[in-house]
4 protein chains.
Amino acid sequence: MANDLNKVLLIGRMTRDPEFKSVNGSSVVNFSIANNRVYVTNGEKKEETHYFDCVAWGRLADILKQYAGKGKQVAIEGRLQQQSWETPEGKKASKIRVYVETAQLLGGQGQGGGSGDRSDSSSSYDSGISSGYDDYPAGDDDIPF
Amino acid sequence: MANDLNKVLLIGRMTRDPEFKSVNGSSVVNFSIANNRVYVTNGEKKEETHYFDCVAWGRLADILKQYAGKGKQVAIEGRLQQQSWETPEGKKASKIRVYVETAQLLGGQGQGGGSGDRSDSSSSYDSGISSGYDDYPAGDDDIPF
Amino acid sequence: MANDLNKVLLIGRMTRDPEFKSVNGSSVVNFSIANNRVYVTNGEKKEETHYFDCVAWGRLADILKQYAGKGKQVAIEGRLQQQSWETPEGKKASKIRVYVETAQLLGGQGQGGGSGDRSDSSSSYDSGISSGYDDYPAGDDDIPF
Amino acid sequence: MANDLNKVLLIGRMTRDPEFKSVNGSSVVNFSIANNRVYVTNGEKKEETHYFDCVAWGRLADILKQYAGKGKQVAIEGRLQQQSWETPEGKKASKIRVYVETAQLLGGQGQGGGSGDRSDSSSSYDSGISSGYDDYPAGDDDIPF
DNA sequence: TTTT
DNA sequence: TTTT
């Protein structure tokens with residue numbers, strides 16, 4: 001069986017602070033990204049917003065927990081993932097989300113803060129951070145951006 | 001408002017023949033792609049298949065209708081799209097699919113055929129085809145691949 | 001012959017103002033992007049900067065001329081292109097550049113300005129703009145960002 | 001400093017067998033990819049071929065050495081890299097190549113073989129293989145495709 | 001320097 | 001359920 005190409009690249013803003021949890025000792029964050037699309041159809045300008053659910057694991061999850069937040073602009077790279085589960089009624093359900101492999105915080109003019117004491121994290125430089133299970137393309141351990 | 005980066009790249013096989021319809025005079029095809037993932041966790045090889053819904057419009061839809069089919073391997077480039085609708089019960093629902101902007105048929109050894117008389121389309125060369133509303137990066141009108 | 005997948009996605013800062021020219025009535029801009037890479041090798045943090053030459057045509061060129069500038073952070077999407085030419089001595093030469101199809105100006109804190117009177121263009125919102133030969137995924141004609 | 005987004009995705013055919021060497025005990029392969037572009041300008045079909053130099057390291061290099069070869073169709077994912085060096089005359093020179101992070105061999109109808117005894121490797125199934133310094137998204141050790 |  |  002092949003390992004097929006599967007790559008997603010998005011820029012958008014977090015609709016809320018990343019939701020953190022720990023699964024079997026591993027860090028996990030879930031968040032949603034608002035991605036705007038602007039286009040012109042026969043002279044008329046149109047705007048749409050699409051919302052995409054994202055998940056990140058490991059060190060990347062820790063860093064996003066610490067530095068990302070509602071309104072922050074972020075570039076993410078990852079892959080599409082089909083989650084499947086059974087509903088309480090025993091029906092099969094599935095949805096698509098983005099498994100984030102790398103994230104770069106952009107110096108956007110988001111409203112920042114949101115949930116309280118994250119305001120101190122506004123070191124305001126861009127960052128590229130990756131999942132961190134490998135030590136290859138990674139950020140710094142102390143001041144990731 | 002911005003036009004945010006939104007790019008998806010996938011290789012996979014069509015799980016069925018593209019489903020064709022005409023919407024306000026425009027061609028539309030819907031299809032699903034099986035994308036395989038192979039990875040190793042602590043020495044153990046694992047395999048998963050993820051299924052992604054795709055839609056294509058215009059000339060690309062026409063070409064996919066004519067040349068693509070169940071089992072065919074295809075590389076697609078497009079963008080993530082959040083479809084939103086109301087259920088018959090008046091609830092809001094939404095799902096993610098891939099809006100295909102370009103497709104390249106790969107000369108894979110899929111089980112081909114499926115729904116009968118498409119076997120004659122096995123011109124068996126690769127192809128890169130795009131949506132065709134613009135005439136810029138496009139294929140030929142007669143022998144697209 | 002196929003139209004093979006060829007996609008490049010970069011975030012970086014312009015090393016200088018885009019260099020504008022007109023070729024057979026079409027607008028062309030050339031510019032260079034500084035793309036930073038940060039990684040860790042056996043505990044040690046490393047940094048590198050890579051410079052990539054880019055070219056854009058048409059309406060995208062006009063917009064970049066008007067709104068982009070030295071130090072601006074930009075996300076670009078395009079394709080790799082091999083330029084070939086003959087040297088004055090009659091030798092064959094070739095180099096790789098990025099043919100930009102879409103660009104999104106990011107609200108970064110670059111040193112801005114540079115060549116004088118562009119400072120007034122700091123409308124400071126992000127933007128996604130594309131080549132504009134098609135009217136499909138495009139920006140606005142008046143206030144592109 | 002940021003770790004900026006830098007992503008390249010290409011499909012093409014190897015113009016020759018990968019050139020293998022060992023650098024400080026690490027495997028390295030160099031190869032060149034022919035990437036075809038087909039487009040239409042005012043009704044006229046045009047074709048171009050662009051050649052891109054690629055490099056892969058580690059386990060991915062080993063696998064490409066063993067299974068890839070001249071004429072093989074491959075999908076690669078990686079990043080742009082600017083190589084810089086000094087000429088024998090003491091001048092600075094630089095070129096752009098693709099640092100390959102993942103490769104998927106496609107079941108194309110390349111002329112295969114080429115340099116002798118690779119013909120036995122035509123297991124002819126697609127494959128997705130990655131650099132292998134991490135054990136995360138990887139192939140099998142024995143039968144990678 | 002080049003692939004199908 | 002939503003960001004600027």
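By convention in this document, chain letters (A, B, ...) are assigned in the order of the sequence lines, proteins followed by strands, and residues within each chain are numbered from 1. Any value given below was found using the heavy atoms of this structure, including those in side chains, with hydrogens, waters and symmetry copies removed.
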[N] [atom2] sits how many Å from [X] [atom1], rounded?
X       : N     : atom1 : atom2 : answer
D:Leu64 : E:dT3 : CG    : P     : 19 Å
A:Arg37 : F:dT2 : CZ    : C1'   : 20 Å
A:Glu48 : F:dT2 : CD    : C1'   : 16 Å
A:Arg16 : F:dT2 : CZ    : C1'   : 8 Å
A:Phe31 : F:dT3 : CZ    : P     : 16 Å
C:Ile96 : E:dT2 : CD1   : P     : 15 Å
B:Lys95 : F:dT1 : NZ    : C1'   : 20 Å
D:Asp17 : E:dT2 : CG    : C1'   : 13 Å

**Study point:** D:Glu48 and D:Asn36 side chains, donor-acceptor separation under 3.5 Å
**Key:** no
Practice item. Taking A:Asn30 for its side chain and A:Val55 for its backbone only, find out whether a donor-acceptor pair lies under 3.5 Å. Key: no
Revision key, fill the gap. Hits for salt bridge (charged side-chain N to carboxylate O under 4.0 Å, His left out) against A:Asp62, two or more places apart or cross-chain, chain-then-number order -> none
**Study point:** With sequence neighbours excluded, residues passing salt bridge (charged side-chain N to carboxylate O under 4.0 Å, His left out) with A:Glu47
**Key:** none
To the side chain of [X], which of [options] is closest?
X       : options             : result
B:Lys92 : E:dT2, F:dT3, F:dT1 : F:dT1
A:Asp53 : E:dT3, F:dT1, E:dT2 : F:dT1
A:Thr15 : F:dT3, E:dT3, E:dT2 : F:dT3

Point to revise | Donor-acceptor pair present, A:Ser32 side chain and F:dT2 base, under 3.5 Å | key: no
Practice item. May I ask you to say what A:Asn35 touches in the nucleic acid, namely base, sugar-phosphate or nothing, with a heavy-atom cut-off under 4.0 Å? Key: nothing
Review point. Can A:Tyr51 be said to stack with the base of F:dT3, given centres closer than 5.5 angstrom and planes under 30 degrees apart?
Key: no
Practice item. Taking atom NZ of D:Lys95 as the centre, report whether more than 12 heavy atoms of other residues, nucleotides or ligands fall under 6.0 Å from it. Key: yes
